[in-house]
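What follows is a single structure, written as structure tokens, with notes after it.
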2 protein chains.
Amino acid sequence: MAITIKDVAKLAKVAPSTVSRVIANSPRISEDTKTRVRDAMDELKYHPNFIARSLASQSTKVIGLVLPHSSGVFFQNPFFSEVIQGLSEGVHDNHYALQMTSGKTEFDSYEGVVQMVQGGRVDGIILLYSMIDDKIMEYLTKRKFPFVVIGKPYDLVDKITHVDNDNYMAAKEATDYIIGLGHHKIGFIGGSPSLTVTLDRLNGYKEALRASDIDINEDYIIHGDFLREGGQEAVKALLRRTIPPTALLVTDDLMAVGVVNTLTEMQIEIPTEVSIVSFNNALFAEMSRPPLTSIDINIKELGYQAASNLIQLLKNENDPVKRIIIPHTLVIRQSCDVAPDVE
Amino acid sequence: MAITIKDVAKLAKVAPSTVSRVIANSPRISEDTKTRVRDAMDELKYHPNFIARSLASQSTKVIGLVLPHSSGVFFQNPFFSEVIQGLSEGVHDNHYALQMTSGKTEFDSYEGVVQMVQGGRVDGIILLYSMIDDKIMEYLTKRKFPFVVIGKPYDLVDKITHVDNDNYMAAKEATDYIIGLGHHKIGFIGGSPSLTVTLDRLNGYKEALRASDIDINEDYIIHGDFLREGGQEAVKALLRRTIPPTALLVTDDLMAVGVVNTLTEMQIEIPTEVSIVSFNNALFAEMSRPPLTSIDINIKELGYQAASNLIQLLKNENDPVKRIIIPHTLVIRQSCDVAPDVE
DNA sequence: TTGTAAGCGTTATCAT
DNA sequence: ATGATAACGCTTACAA
């Protein structure tokens with residue numbers, strides 16, 4: 001059996017409660033006994049038992065992570081590694097631990113969350129996605145369990161602390177950039193329309209067109225998976241239009257890579273025949289031939305802020321609801337050119 | 001306060017211990033009371049408190065994950081996402097949870113592990129790397145704490161359960177393949193020489209040369225980070241040799257991408273002037289221009305097996321030490337050609 | 001087959 | 001400033 005607080009107490013000739021106070025560095029303990037107790041702890045190589053502490057204090061110092069249920073897709077996207085990196089740093093800096101839940105189906109995920117929450121495994125939760133009509137978000141809200149979402153909640157935006165980019169503006173800027181190059185037949189290839197990030201970017205795209213008096217052509221708007229395959233299928237569909245677009249706004253680099261692959265196979269030249277702007281600025285964007293102009297959304301920071309804000313919320317019972325916007329930047333590379341039909 | 005076992009007991013008119021037994025599905029409880037208790041649980045929407053259970057049973061059903069300390073590098077490599085995916089499925093299938101520890105420095109990581117172990121936070125640990133003279137591995141071994149490593153332990157190979165590829169054979173096969181194309185000036189670009197995976201692959205490479213009576217030229221062997229930058233620097237160094245190699249064995253796709261970038265910039269043609277075989281077969285290998293011939297090591301399975309074997313080890317006190325080898329396959333693409341100096 | 005009661009290792013509330 | 005002692009919610013001998 002491991003060394004417990006009692007062993008330390010015995011060695012230091014104090015009560016267990018005193019040892020506990022020393023651990024918490026209570027000001028009501030004399031410096032004298034503090035050092036005596038600390039010496040005993042060192043001598044015995046004492047390490048507090050987190051489980052016992054959690055039970056007594058009703059707090060685990062663990063943050064739960066909820067991945068989207070179709071995590072197979074999610075794992076393949078570099079977005080995953082990058083948020084995790086930010087999250088990991090964020091919790092670590094605050095002396096919390098990170099625990100993951102996946103789940104093949106939505107029900108599966110839901111059960112995982114309930115276990116974490118009702119099982120008292122975690123003090124707070126971070127949702128790594130935001131979609132419409134999400135049962136998990138509904139559950140957490142109803143239970144008033146502390147959580148923050150990465151992305152924009154579909155409902156109750158002003159009731160739920162979240163960390164997001166201004167995806168509307170980002171898409172608008174990207175589209176404006178394309179329009180500035182003379183394009184007016186601009187396609188939109190987005191992820192699942194049940195994700196709020198897709199909706200925001202779609203709206204930004206539409207607004208940019210509207211502001212420039214370009215008709216919105218619903219045939220130019222396609223949704224797919226945040227995967228290469230998603231991009232491949234989408235661009236094929238767009239090329240079947242009677243008048244195919246001369247530029248594409250693609251909401252994810254991995255999809256954009258699929259788009260590039262397909263266009264290259266069809267011997268359609270980028271950027272002379274088709275221009276592309278994508279999102280996320282993963283390594284893929286840089287590696288692509290040609291390198292992709294992409295919007296950097298600072299994924300790591302998204303994770304870091306989510307973690308630190310959740311923890312702050314945990315410490316401060318009545319922390320106000322917050323909306324943290326992480327800045328984005330358009331990184332111009334070589335996937336855009338002036339419109340071929342402009343003279 | 002949440003619903004506890006006592007509330008259920010009261011409603012079902014049984015003792016708390018009976019409820020506990022029903023949860024554990026003990027055979028010594030009559031079907032009759034079982035259903036009565038279960039009805040009560042449903043009615044109250046009871047969920048067992050994991051923390052309390054952990055404290056009482058001295059087992060948390062949580063697996064700890066230890067990333068390499070320079071996790072910044074690690075996170076960027078697609079290896080990370082893929083193992084995590086496998087691990088995640090593995091623990092999930094066995095009703096365990098996954099908890100992560102990172103740490104900027106080695107000391108940092110070490111402290112994290114000690115906290116997990118002595119703090120009773122986890123039942124077992126998975127090391128996501130294997131390097132020589134690793135304090136953490138030494139600590140876990142000394143403490144006889146259950147753990148498995150992904151990769152091959154440097155010491156005590158037959159005392160530590162691990163999941164690995166046969167990296168020696170994989171490298172040998174890859175090198176043989178290159179030799180078969182007529183190359184005999186073959187460079188080796190590897191990751192850190194303190195990682196056992198690097199050593200194994202290096203040995204396989206050397207053995208292949210030896211078997212074909214090709215001199216081993218230490219000038220052809222370079223080590224770098226498992227990153228694009230690592231590959232870039234390494235290949236530049238190799239090209240400065242008086243007689244530069246005509247083929248390269250690169251132990252990681254991401255490094256290989258760096259190699260390809262650099263060669264392309266220098267207008268050296270792949271595969272006509274330089275052939276390349278890389279490892280891991282990440283999406284990068286396929287995306288590269290030209291697409292890379294790469295050894296698929298089945299990363300996801302590495303993770304899945306690590307998780308399930310650790311859990312089995314936890315269940316079966318005296319499970320034998322195991323060495324699980326995940327098969328690899330050489331995926332031939334377009335980065336290799338016959339040696340330019342062969343007629 | 002079921003109940004009683006003693007832990008598990010802390011924290012926290014009273015006393016002193 | 002410190003010590004007893006009762007939680008925290010569960011598991012598990014030991015009884016019955």
Side-chain angles (χ1 to χ4, degrees), chain A residues 1-38 40-41 44-62 95 114-123, chain B residues 1-38 40-41 44-62 95 114-123:
Chain A
M1 201 90 317
I3 308 297
T4 80
I5 214 172
K6 287 182 189 169
D7 302 314
V8 177
K10 213 166 285 175
L11 181 62
K13 296 189 201 301
V14 293
S17 47
T18 303
V19 178
S20 176
R21 290 191 183 101
V22 173
I23 294 172
N25 199 15
S26 158
R28 332 184 305 177
I29 298 288
S30 72
E31 280 308 316
D32 217 47
T33 54
K34 270 188 187 172
T35 48
R36 209 168 72 250
V37 169
R38 286 193 181 120
M41 298 198 313
L44 297 173
K45 291 203 203 320
Y46 167 78
H47 277 266
N49 182 313
F50 261 94
I51 303 298
R53 174 184 292 202
S54 299
L55 185 59
S57 65
Q58 301 287 63
S59 137
T60 60
K61 300 278 176 198
V62 177
H95 309 288
V114 172
Q115 282 229 346
M116 279 188 158
V117 173
Q118 319 235 19
R121 280 172 177 281
V122 300
D123 291 350
Chain B
M1 202 92 317
I3 308 296
T4 79
I5 214 171
K6 288 184 189 167
D7 301 316
V8 177
K10 212 166 285 174
L11 182 62
K13 297 192 202 301
V14 294
S17 51
T18 303
V19 178
S20 174
R21 290 189 184 103
V22 173
I23 294 171
N25 199 14
S26 158
R28 332 184 303 179
I29 298 288
S30 74
E31 282 307 318
D32 219 46
T33 55
K34 270 189 189 172
T35 47
R36 209 167 71 249
V37 169
R38 286 191 182 123
M41 299 200 309
L44 297 174
K45 291 201 202 323
Y46 168 77
H47 277 266
N49 182 314
F50 261 94
I51 303 298
R53 173 184 292 200
S54 299
L55 185 59
S57 64
Q58 301 285 63
S59 135
T60 60
K61 300 280 177 195
V62 177
H95 309 287
V114 172
Q115 282 229 346
M116 280 188 157
V117 172
Q118 320 233 18
R121 279 171 177 283
V122 300
D123 291 350

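Source: prediction; values computed, not measured. The sequence lines fix the lettering, A, B, ..., with proteins before strands; numbering per chain opens at 1.
dA12(C) atom P lies 10 Å from atom CD of Gln58(A), rounded to whole Å. At whole-Å resolution of the value, CD1 in Ile5(A) and P in dG9(C) are 11 Å apart. Here the P atom of nucleotide dG9(D) and the CD atom of Gln118(A) are 13 Å apart, to the nearest Å. dT11(C) atom P lies 13 Å from atom CG of Asn25(A), rounded to whole Å. In this structure, Lys13(A) atom NZ and dA4(D) atom P are separated by 14 Å, rounded to whole Å. Rounded to an integer number of Å, the gap from Phe50(B) CZ to dC8(D) C1' is 17 Å. For the pair Lys6(A) NZ and dA6(C) C1', the computed distance is 11 Å after rounding to whole Å. Rounded to an integer number of Å, the gap from CD1 of Ile23(B) to C1' of dG9(D) is 10 Å.
Looking at heavy-atom distances under 4.0 Å, Lys34(A) makes no contact with the nucleic acid at all. Note on Ser20(B): a base of the nucleic acid sits closer than 4.0 angstrom, heavy atoms only. Heavy atoms of Val14(A) sit under 4.0 angstrom from primed sugar atoms or phosphate atoms, though from no base atom. Across all strands, Arg53(A) comes closer than 4.0 Å only to sugar-phosphate atoms, never to a base (heavy-atom distances). Within the nucleic acid shown, Ser54(B) has no heavy atom closer than 4.0 Å to any nucleic acid atom.
Crowding of Lys10(B) atom NZ: a count of heavy atoms from other residues, nucleotides or ligands under 6.0 Å not exceeding 12.
The backbone N or O of Pro16(B) lies less than 3.5 Å from no partner atom in the side chain of Ser20(B), so there is not a single donor-acceptor pair. Looking only at distances, a side-chain donor or acceptor of Thr60(B) sits under 3.5 Å from a matching main-chain atom of Arg121(B).
When Val22(A), Ile23(A), Ile29(A) are each tested for a side chain to side chain contact (heavy atoms under 4.5 Å, CB included) with Ser26(A), only one passes: Ile29(A).
On a pure distance criterion of 3.5 Å, no polar donor-acceptor pair joins the side chain of Ser57(B) and the base of dT12(D). Residue-to-nucleotide contacts include a donor-acceptor pair under 3.5 Å from the side chain of Ser17(A) to the base of dA4(D). The base of dT10(C) does not come close enough to the side chain of Arg21(A) for any donor and acceptor atom to sit less than 3.5 Å apart.
For the pair Leu55(A) and Ala15(B), both in contact range of DNA chain C, the more 5′-proximal nearest nucleotide belongs to Ala15(B). Mapped onto DNA chain C by nearest heavy atom, Ala52(B) and Pro27(B) fall at different nucleotides, with Pro27(B) at the one closer to the 5' end.
Between Gln118(B) and His47(A), the shortest heavy-atom contact is CB-CB, 3.5 Å.
Distance from the side chain of Thr18(A) is smallest to dT2(D) among dT11(C), dT2(D), dC10(D).
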